[in-house]
Amino acid sequence: MSTAEAEAMEDSDLGTVRIAADQGLADAVADKICARLDGHRLSSGTVLHAEAVSLPLPPVESGRPDMETWSSLLATGSAKSGESENANTITLCVSEIPRRVGSRPVLAEIVGTSMVVIYVPSFGARAVARRAGAVALTAIESMRRRDDDTDDGSPVAPDHPTPATGLAHWSVDSGHDILLAPALLGRTRMVAGMIRTNRPWRLVPALSGALAAATATSAFGVFYSSIWQMAASMSVLRLTCVSVIAVALITAWLILPNGLWERRTRRQTGVDRAMYNMATLATVFAGVLFMYAALFLVVGAASAVVISPEFLSMQLDRDAEALDYVRLAWLAASLGTVAGAVGSTVADQEQILGATFGHREAARRRAAKSRLSTD
């Protein structure tokens with residue numbers, strides 16, 4: 001914070017914003033929001049002081065946010081750290097829970113007079129921190145204006161949408177002010193946000209066993225001329241079908257045995273179950289694609305080094321072209337990916353489970369219960 005901001009703070013009310021976030025992308029978004037809010041002067045003249053609190057934010061069994069547990073955890077954390085709350089203290093929770101009301105995703109929620117919740121998946125996959133920070137500022141401004149305009153502190157929905165959310169608008173649900181996204185576009189953006197929050201690239205280290213098995217199998221494509229001839233004879237359409245089947249097989253192999261598919265016994269609402277499963281399917285599929293791309297590059301480079309154009313021409317009975325090396329790497333990578341499913345059985349299961357929403361929710365519930373039981 002600059003000297004000028006510090007001097008300004010002495011001449012105005014100081015508002016404290018405690019920011020708690022789920023681990024992962026939500027935590028990274030919270031850090032950027034914290035930097036944006038710290039030292040910001042509201043229209044009322046209040047200067048904000050933002051500070052981060054490291055706590056899990058567990059949902060209830062239905063998947064909805066558990067506000068009471070969040071409040072208890074935050075209050076306990078403040079008491080342990082010796083922090084004192086005052087009327088100007090605001091709690092900002094940055095959650096990865098995909099919250100919706102009816103068919104419309106919820107971007108943010110104002111709870112009472114001192115709590116704001118930001119739902120990261122509802123912001124999609126692009127410019128998440130910037131847009132979430134803008135919404136957080138709008139919500140805090142609304143709370144402060146509401147406190148100034150009403151004596152009893154009753155909830156009053158803001159009369160203007162934030163410019164950072166397009167067609168989103170404020171409404172009221174169960175006594176809380178909520179910022180709703182459009183139904184169709186909002187759900188599509190939420191699923192994209194869930195995939196982004198899952199961070200598919202984190203699956204690549206977990207698939208090291210599958211990658212090793214796939215690489216070993218793909219080596220046959222480099223050393224056996226029969227595969228060279230087969231690859232050269234295949235059309236682009238056929239090669240594409242083979243690669244799609246290979247990626248789909250290993251994706252299913254990872255999802256089903258590891259119990260990543262949400263069933264009715266775990267999540268009652270059909271819409272939520274479909275959204276969670278779509279996000280899981282796309283996350284694992286993207287992770288497998290990262291592995292497939294790496295395998296393609298490795299096999300292609302090995303083919304170019306080991307197989308000379310002259311020798312490849314002899315095997316094909318024609319002049320070898322660069323496209324022949326591409327076809328060879330393409331087919332060998334596809335065959336290796338199928339074999340990689342065997343290697344995926346020894347992959348780090350915890351990392352695979354951690355890439356899906358349902359299992360991270362269960363982990364947060366266990367962490368919160370353990371924390372509350374020890375306090």
Side-chain angles (χ1 to χ4, degrees), residues 19-22 25-26 29-30 33 57-71 90-143 146 155-198 267-276 278-279 357-358 360-361 364:
I19 304 177
D22 291 320
L25 178 63
V29 171
I33 294 177
L57 302 177
V60 295
E61 293 300 325
S62 65
R64 291 172 61 88
D66 186 355
M67 301 298 183
E68 293 184 1
T69 301
W70 289 6
S71 299
I90 294 175
T91 299
L92 176 64
C93 296
V94 183
S95 175
E96 67 168 32
I97 294 176
R99 165 100 155 93
R100 64 183 180 84
V101 172
S103 60
R104 308 194 66 174
V106 179
L107 293 162
E109 185 169 7
I110 300 176
V111 183
T113 60
S114 61
M115 189 176 191
V116 177
V117 184
I118 299 293
Y119 299 101
V120 172
S122 299
F123 289 88
R126 297 178 60 254
V128 176
R130 176 179 60 80
R131 296 170 64 240
V135 169
L137 275 175
T138 299
I140 292 173
E141 286 275 12
S142 300
M143 293 177 68
R146 181 180 63 195
V156 177
D159 55 3
H160 61 84
T162 172
T165 56
L167 299 177
H169 71 274
W170 289 95
S171 183
V172 178
D173 177 66
S174 301
H176 298 169
D177 300 334
I178 56 175
L179 183 60
L180 293 174
L184 181 59
L185 177 61
R187 285 200 302 270
T188 303
R189 180 177 290 170
M190 175 180 282
V191 173
M194 293 172 70
I195 298 169
R196 172 70 176 84
T197 305
N198 281 339
R267 200 170 304 280
Q268 296 295 325
T269 307
V271 175
D272 287 340
R273 194 162 57 248
M275 291 177 61
Y276 274 60
M278 287 175 60
F357 271 92
R360 290 203 303 278
E361 284 181 4
R364 289 198 301 273

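Nothing here was measured: the structure is a model prediction, and the numbers come from that model. The basis for the numbers below is simple: all heavy atoms, side chains too, and nothing from hydrogens, waters or symmetry mates.
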Task: Side-chain heavy atoms of M115 within contact of C93, under 4.5 Å - done: yes

Open item on the list: Testing the basics here: between I110 and A139, what is the closest heavy-atom pair and its distance to 0.1 Å?
Closed with: CD1-O, 3.9 Å

Task: side chain to side chain contact (heavy atoms under 4.5 Å, CB included) assessment of L185 paired with R189 - done: CA-CA 6 Å; L185 177 61; R189 180 177 290 170; 4.2 Å; yes

Task: Exam field: side chain D22 to backbone E96, donor-acceptor pair closer than 3.5 Å - done: yes

TODO: Would you sort out whether Y119 and M190 count as a side chain to side chain contact (heavy atoms under 4.5 Å, CB included), showing the intermediate values?
DONE: CA-CA 10 Å; Y119 299 101; M190 175 180 282; over 6 Å; no

TODO: Give a yes or no on whether the backbone of H176 and the side-chain of S174 come within a donor-acceptor separation of less than 3.5 Å.
DONE: no

Open item on the list: Assess the residue pair E109 and D177 against the criterion (side chain to side chain contact (heavy atoms under 4.5 Å, CB included)); give the C-alpha distance rounded to whole Å, side-chain angles, the decisive distance to 0.1 Å, and a yes or no.
Closed with: CA-CA 6 Å; E109 185 169 7; D177 300 334; over 6 Å; no

TODO: Check side chain to side chain contact (heavy atoms under 4.5 Å, CB included) between A274 and all other residues, then give those that pass, not counting sequence neighbours.
DONE: none

Task: Considering all heavy atoms, the nearest P121-T197 contact - done: CG-OG1, 4.2 Å

Task: Min side-chain heavy-atom separation I178-V172 under 4.5 Å - done: no

Task: Test item: W170 and L180 side chains (from C-beta on) under 4.5 Å apart, heavy atoms - done: no

Task: Pairwise distance CE(M194) to CD1(I97) - rounded to 0.5 angstrom - done: 11.0 Å

Task: Which atom of L107 lies closest to which atom of A168, heavy atoms considered - done: CD1-CB, 3.6 Å

Open item on the list: Out of the candidates R99, R100, R104, only one should pair with D173 under the salt bridge (charged side-chain N to carboxylate O under 4.0 Å, His left out) rule; please name it.
Closed with: R99

Task: Audit row: V120, V94, side chain to side chain contact (heavy atoms under 4.5 Å, CB included) steps and yes/no - done: CA-CA 7 Å; V120 172; V94 183; 3.5 Å; yes

Open item on the list: Less than 4.5 Å apart, side chain to side chain, heavy atoms only: is that true for L179 and H169?
Closed with: no

- [ ] For residues A26 and S95, report the shortest heavy-atom separation together with the two atoms involved.
- [x] CB-C, 4.4 Å

Task: S122 (side chain) donor-acceptor with V106 (main chain) under 3.5 angstrom - done: yes

Task: Pairing residues for A132 by the side chain to side chain contact (heavy atoms under 4.5 Å, CB included) criterion, not counting sequence neighbours - done: V29, I33, I118, F123

